[in-house]
Protein chains: 2
Amino acid sequence: MGLTFEKLNVPAAYQVVSREIRRIIVSGELKPGDHLPSEAELAEQFGVNRSTVREGIRQLENDGFVRREGRKRLYVSVPTSSDLAPRASRALIMHQVTFKELWEVARVLEPACAALCATNRSAAQGDAIQENIVHTRHMLANAMWSTELDTQFHSLIAEGARNSALLLSREPVGLLLYPAFEMLHPLLPQALGRMLAAHDKIATAIAAGDAGEAELWMRKHIVDFRRGWEMANLSLDVPVTLPGAISED
Amino acid sequence: MGLTFEKLNVPAAYQVVSREIRRIIVSGELKPGDHLPSEAELAEQFGVNRSTVREGIRQLENDGFVRREGRKRLYVSVPTSSDLAPRASRALIMHQVTFKELWEVARVLEPACAALCATNRSAAQGDAIQENIVHTRHMLANAMWSTELDTQFHSLIAEGARNSALLLSREPVGLLLYPAFEMLHPLLPQALGRMLAAHDKIATAIAAGDAGEAELWMRKHIVDFRRGWEMANLSLDVPVTLPGAISED
DNA sequence: GATAGTGGGTCTGTCCGACAATCGGATATC
DNA sequence: GATATCCGATTGTCGGACAGACCCACTATC
């Protein structure tokens, strides 16, 4: 009798509810914007208690597949990078991700974003980039600086690439890497000026639709970031810390 | 009276519970492996009902910050890419991500993985890659093929790069892109052979620790994938479909 | 003495019922 | 027609309940 049985994994009811609703959403049976039945109705249809349904819904809500505004009915929604990226960033923090690791990813993704942005951006997206530059220049002229502007510059370029996979891939990295600039620029006074100059070159190339030039300058910009980091005697292998923008949620 | 008030967003209690526990975990107050108090105890400490605590916990469970095996106590855990990637992949599906978009990301990330893998891989990781090649060769010799082997090959290389940010960035893309090969190889008989040849070159370069060569062949491999796609008259702009491996969970 | 049962305590998963706050829409009022 | 009011529907939260797992210490059996 060599007959053996695997340890069978009986999923909890709330997980089944969650998966089933998600399946219907991802498969397209329910389209974004569609309303889901009320909790009581779902409970009746699934033949479980409303509490069980509610626990299942929490998971979907967290993923961004369903949303509710206020205490109203649920509706189907497409998860955005702002739903997913902060969670990924937090996961990376727990993995004790280092500056070097983040930089290695940025070094290949950001130039790709810049190149695609130069060819694919909309007019409005181009304007937003220019506006970011103007803001940045204005801040620097007053000897001020906020890391959000830097993070935003790179996010805008990624959006301009019009590639949702690229956007989703780079966002968790961007949320952690660029705020680290906060540690760098007080130690390296010239860093802010160099940053603005690079942003300007990139934005100009994008405005001109010159993909090669945009890619090139973005690469220089990222490489320069690392060089600055090393010049400031900051360690490449120290785990990055959690920026406030993420911890809040 | 220009005084106006913003519409204030009162978070539900279960969300506060969720965020608070997550904060404690991400900040490091609770370390991976630590047990959380029981639901009843959490409810008492937070001063809310156990149902409310349970709803909050569901969200964390889904993110991979806490886990439970069977019906036992919760313990703190580090979210892995297998927690996060399938959700990101599903999100991309809902965004109707195209082959082209995925390919554009893979084109820059996969060569970077290969280059880093050549220098950073452990001995065991190198062996696993070799084993994958052997399996693949064996399958092809028997005129069989399973898309999982291809997906695995690229995942192994990404793991060998020892860069958690890189791993996390590419996984959602890999989960969608390589299964698409399933559509290609019946239309293009020579595709399987070319794939094996490329995998072999890459694995050899990695085994030799030659980062440049590994990167180069990986790039060729990815470019070849796209060329094959076009030769088979498959559209670059058609949204990719959901592979079974993800829909199951 | 080792092994197999036994029993209690704890915790999770699920259910039931309840109620206040809120929302949407219908209705009444001016 | 605009405004105020009421009513049903729905969510968020609560309290309590109970079966099934699980853990562990204890005991009975060989």
Side-chain angles (χ1 to χ4, degrees), chain A residues 1 4-22 24-25 30 32-77 83 249, chain B residues 1 5-22 24-25 30 33-77 83 249:
Chain A
M1 288 290 277
T4 57
F5 295 99
E6 292 175 12
K7 185 174 179 182
L8 49 84
N9 191 3
V10 183
Y14 68 86
Q15 286 172 332
V16 179
V17 168
S18 171
R19 274 206 284 267
E20 179 62 12
I21 297 178
R22 190 186 61 202
I24 290 176
I25 291 176
L30 278 172
D34 286 356
H35 279 272
L36 266 72
S38 71
E39 294 176 357
E41 202 165 334
L42 285 171
E44 196 184 357
Q45 290 187 26
F46 284 123
V48 299
N49 192 272
R50 188 162 78 100
S51 308
T52 305
V53 169
R54 284 175 63 81
E55 292 188 27
I57 287 175
R58 292 298 159 251
Q59 307 201 323
L60 302 178
E61 207 172 69
N62 193 42
D63 279 348
F65 287 115
V66 301
R67 248 179 252 289
R68 65 178 19 133
E69 32 203 41
R71 308 189 160 204
K72 285 181 271 189
R73 282 263 288 288
L74 283 170
Y75 62 93
V76 178
S77 154
D83 292 317
D249 207 2
Chain B
M1 289 291 279
F5 294 100
E6 291 177 11
K7 185 174 180 182
L8 48 84
N9 190 4
V10 182
Y14 67 87
Q15 286 172 332
V16 179
V17 168
S18 171
R19 273 206 285 265
E20 180 62 11
I21 297 178
R22 191 185 62 202
I24 289 175
I25 292 176
L30 278 173
D34 286 357
H35 279 273
L36 266 72
S38 72
E39 294 175 355
E41 201 164 334
L42 284 171
E44 197 185 355
Q45 290 187 26
F46 284 124
V48 298
N49 193 272
R50 188 163 78 99
S51 309
T52 306
V53 169
R54 285 174 63 80
E55 292 187 27
I57 287 175
R58 292 297 158 250
Q59 308 202 325
L60 301 178
E61 209 172 67
N62 194 40
D63 278 346
F65 288 114
V66 300
R67 248 177 252 291
R68 61 176 24 130
E69 30 202 43
R71 305 184 165 210
K72 286 181 274 189
R73 283 263 289 288
L74 284 170
Y75 61 93
V76 177
S77 155
D83 291 318
D249 205 3

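None of the values given here were measured: they were computed from a predicted structure. Each chain gets a letter, A, B and so on, in the order its sequence line appears, and its residues count up from 1.
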Problem - All salt bridge (Lys or Arg N to Asp or Glu O under 4.0 Å) counterparts of A:Asp63, not counting sequence neighbours - result: B:Arg87
Practice task
Scan nucleotides 13-20 of chain C nucleotide by nucleotide, 5' to 3', and note B when protein non-hydrogen atoms come under 4.0 Å of the base, S if they reach only the sugar-phosphate, - if neither.
Solution key: BBBB-B--
Using atom types as modelled, flag every donor-acceptor pair under 3.5 Å from a side chain in residues 36-44 of chain A to any protein atom, sequence neighbours excluded.
unit_1	atom_1	unit_2	atom_2	d
A:Ser38	OG	A:Glu41	N	3.3
A:Glu39	OE1	A:Arg50	NH1	2.6
A:Glu39	OE1	A:Arg54	NH1	3.0
A:Glu39	OE2	A:Arg54	NH1	2.9

Exercise for the section: Could I get the full list of side-chain hydrogen bond (donor to acceptor under 3.5 Å, both in side chains) partners for B:Asn49, not counting sequence neighbours? Expected result: B:Ser51
Problem - Any donor-acceptor N or O pair under 3.5 Å, side chains B:Glu55, A:Tyr14 - result: no
Problem - Range on DNA chain D touched by chain A - first to last nucleotide, heavy-atom distance under 4.0 Å - result: D:dT10 to D:dT13
Fill in the blank from the handout: For A:Arg67, the side-chain hydrogen bond (donor to acceptor under 3.5 Å, both in side chains) test, sequence neighbours excluded, returns A:Ser77, A:Asp83
Handout entry: B:Thr52: side-chain hydrogen bond (donor to acceptor under 3.5 Å, both in side chains) partners, not counting sequence neighbours
Key = none
Handout entry: side-chain hydrogen bond (donor to acceptor under 3.5 Å, both in side chains) partners of A:Glu69, counting only residues at least two apart
Key = A:Tyr75
